[in-house]
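The block underneath contains the structure these notes are about, expressed in structure tokens.
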Amino acid sequence: MPCFYRILSIDSSFVPPLVYAMLGSSKDLAVGTVAVPSLLMASMLGKEVDPVQNPHLYLNLAFTATFFAGVLQASFGFLRLGFIVDFLSHATIVGFMGGAATVVCLQQLKGLLGLKKFSTSTDIVSVMTSVFSQTHKWRWESAVLGCCFLFFLMVARFFSKKKPKFFWISAMAPLTSVILGSILVYVTHAEKHGVQVIGHLNKGLNPPSLTDLEFGSPYLHTAIKTGIITGIIALAEGIAVGRSFAMFKNYHIDGNKEMIAFGLMNIAGSCTSCYLTTGPFSRTAVNFNAGCKTAVSNIVMSTAVMITLLFLTPLFHYTPLVVLSAIIISAMLGVIDTDAAIHLWKLDKFDFAVCMSAYFGVVFGSVEIGLGVAIVLSMVRMMLFIARPRTLVLGNIPNSMIYRNMDQYPVATRVPGVLIIRIDAPIYFANASYLRERITRWINNEEDKLKELQENSLQYVILDMSAISSIDTSGISMLEEVKKNIDRRGLKLVLANPGSEVMKKLDKSNFIQDMGQEWIYLTVGEAVGACNFLLHSCKGENTRINSTAPDNNV
């Protein structure tokens, strides 16, 4: 990554956080730059423009790509596409947070061991290869200093958890570590003994860059392509981070608001010499552990960055990087939720598999791979629920008009001559064929069972439609086929409690007219009562006919 990206990343913590604080819905998200979109933007733009030979054009293209990323993100919000956030399930978030925290901790080994060159990849294999291929460059001074400050931070957090009224100790620990570390390095000249420091920082804020946007450049298509790709990645990561920390505090973030906030802050950032920003996991974790309560923390951060850039940059010259690494590691350890993963294993093995896929995807691949694999698995499960819904046989609870699943309630009894089937999902093209086969199989099983027991034959099939919220044309065709199959068997189809939307579609398709309005009932109990009345009426009629028939044997 070009070195000026590091400078821009500091300025990107000034304007965008102010915009997000006014528009965003997350109380914990801390706005800033992240590694993956930054590296991707540098790679895509670097293929077209050399940042060393033409740095001015390169920067302008970075601002232009950021502008188009913001337009795309805001468009998603205005088009009400926030429902995409709902595909991040609880299991996905637990695995994502654990994986992201592990990756960030591993990345801090660079500062902890005093390494100057490090892998730009985030996967564990690349990171560990980079660490152990440079064992001769490890600095014990840096490692000792980092471990001491890490121990201090962990003790401060432990004490604050045990004594909540001393929460300010944990909140002040990171700043205290920076001050003490800077003083220690200045007094001992540790920077001459392998302890890396921040060094010189330029004063002042970057100038406005609205006129620098390259809308008429021959590289405009590259900027648009880069903005679209990096914008989607940054949006996915930012929303995932925001929702992850919202889960900790049991509140909800609005996906549409988040998309609009991300988009407008990047549009504003592109006009003020800032490149693509989102919600970094490490910075948000530090914000969370510091005890932030609202998005005003972004305003405080922005104000602190502005004051620092204008007046205080010389004071951070001696701040050791290893202290910053210790602060980040201590924050990361607080968000790895092993208890939640164990709970998922006990509760739902598939959710645990989703959680682990997100974790290992992030650790061995990247944030995007981890999120992608977990979301795909979640969608597969969702499609299985839709394509293979439950069908249940209901029985009567003795001495009541209540009908329940016979597998769940052993006391429930069958109604003679009546089969009651409940469908627990909307009927769509994806499950219509499956439901037709299941209903046919239930009828076959019931008839075979009655023959074995030598009981009265089956006369009525009642479909409990109370759980069917909607139906499409494929579902209506399925019901028509089921009715024809039932009619051929000499049985009668009865519907119980179809919803208003279902009734409208059945009426428009003339299904109700063909079936007969008299075979639709409000409840299963009413349907069973009507069927029993007809059964007894038929028996009575047959008995009367048999009693008046002449005896042919006489």
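Residues: numbered from 1 along the sequence shown.
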Rounded to the nearest 0.5 Å, how far apart are [atom1] of [X] and [atom2] of [Y]?
X      : Y      : atom1 : atom2 : value
Thr391 : Asn405 : OG1   : CG    : 10.0 Å
Ser25  : Met259 : OG    : CE    : 11.0 Å
Gln108 : Ile329 : CD    : CD1   : 6.0 Å
Ile342 : Asp337 : CD1   : CG    : 9.5 Å
Leu72  : Phe262 : CG    : CZ    : 13.5 Å
Lys349 : Cys355 : NZ    : SG    : 13.5 Å

Stepwise side-chain contact (heavy atoms from CB on, under 4.5 Å) check, Ile228 with Phe68: CA-CA 7 Å; Ile228 290 174; Phe68 284 110; 5.7 Å; no

Sequence neighbours excluded, which residues qualify as side chain to side chain contact (heavy atoms under 4.5 Å, CB included) partners of [X]?
X      : answer
Arg422 : Leu392, Leu394, Asp424, Asp464, Ser466, Ala467
Ser26  : Tyr20, Asp28, Leu29, Tyr251, Ile253, Glu258
Leu347 : His343
Val178 : Ser182, Phe316, Thr319, Val323, Leu324, Ile327

Among Thr272, Leu213, Leu276, side-chain contact (heavy atoms from CB on, under 4.5 Å) partner for Phe63: Leu213

Donor-acceptor contacts under 3.5 Å from residues 156-163 side chains, at least two apart:
| unit_1 | atom_1 | unit_2 | atom_2 | d |
| --- | --- | --- | --- | --- |
| Arg157 | NH1 | Ser330 | O | 2.8 |
| Arg157 | NH2 | Ser330 | O | 2.1 |
| Ser160 | OG | Ala156 | O | 3.1 |
| Ser160 | OG | Phe166 | O | 3.1 |
| Ser160 | OG | Ser170 | N | 3.1 |

Heavy-atom check, side chain of [X] versus side chain of [Y], under 4.5 Å:
X      : Y      : result
Leu23  : Met265 : no
Leu321 : Lys110 : no
Phe118 : Val131 : yes
Lys27  : Lys249 : no
Met306 : Ser302 : no

Could you pull out all donor-acceptor pairs under 3.5 Å where a side-chain atom in residues 369-382 meets a protein atom, sequence neighbours excluded?
| unit_1 | atom_1 | unit_2 | atom_2 | d |
| --- | --- | --- | --- | --- |
| Ser378 | OG | Ala374 | O | 3.0 |
| Arg381 | NH1 | Asp348 | OD2 | 3.3 |
| Arg381 | NH1 | Asp351 | OD1 | 2.9 |
| Arg381 | NH2 | Asp348 | OD1 | 3.2 |
| Arg381 | NH2 | Asp348 | OD2 | 2.6 |

Side chain [X], main chain [Y], donor-acceptor under 3.5 Å:
X      : Y      : value
Thr284 : Ala30  : yes
Ser130 : Ser126 : no
Asn298 : Val31  : yes
Asn256 : Phe78  : no
Gln196 : Leu115 : yes
Ser325 : Leu109 : no

Do you know which two heavy atoms are closest between [X] and [Y], and how far apart they sit?
X      : Y      : value
Gly99  : Tyr359 : N-CD1, 3.1 Å
Tyr428 : Ser470 : OH-OG, 2.7 Å
Pro280 : Val241 : O-CG1, 4.2 Å
Thr230 : Thr226 : OG1-O, 2.6 Å
Asn287 : Ser297 : ND2-OG, 3.1 Å
Ala425 : Ile468 : O-CG1, 3.5 Å

Pair Trp138-Phe132, side-chain contact (heavy atoms from CB on, under 4.5 Å): steps then yes or no: CA-CA 9 Å; Trp138 291 4; Phe132 287 102; 4.0 Å; yes

Pairs meeting criterion side chain to side chain donor-acceptor pair (under 3.5 Å) with involvement of residues 64-79, two or more places apart: Gln73-Asn266

Residue pair Val322, Phe149: steps toward the side-chain contact (heavy atoms from CB on, under 4.5 Å) verdict: CA-CA 9 Å; Val322 66; Phe149 278 106; 5.8 Å; no

Identify, with sequence neighbours excluded, every residue that meets ring-ring contact (aromatic ring centres under 6.0 Å, His included) alongside [X].
X      : answer
Phe245 : Phe281, Phe288
Tyr186 : Tyr318
Phe352 : Trp345

By side-chain hydrogen bond (donor to acceptor under 3.5 Å, both in side chains) - contacts of Asn60 (at least two apart): His56, Glu214

Residue pairs, two or more places apart or on separate chains, that pass salt bridge (charged side-chain N to carboxylate O under 4.0 Å, His left out) and touch residues 134-153: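 Found Arg139-Glu141.
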
Chi angles and distances behind the side-chain contact (heavy atoms from CB on, under 4.5 Å) call for Leu184, Leu180: CA-CA 6 Å; Leu184 183 63; Leu180 291 177; over 6 Å; no

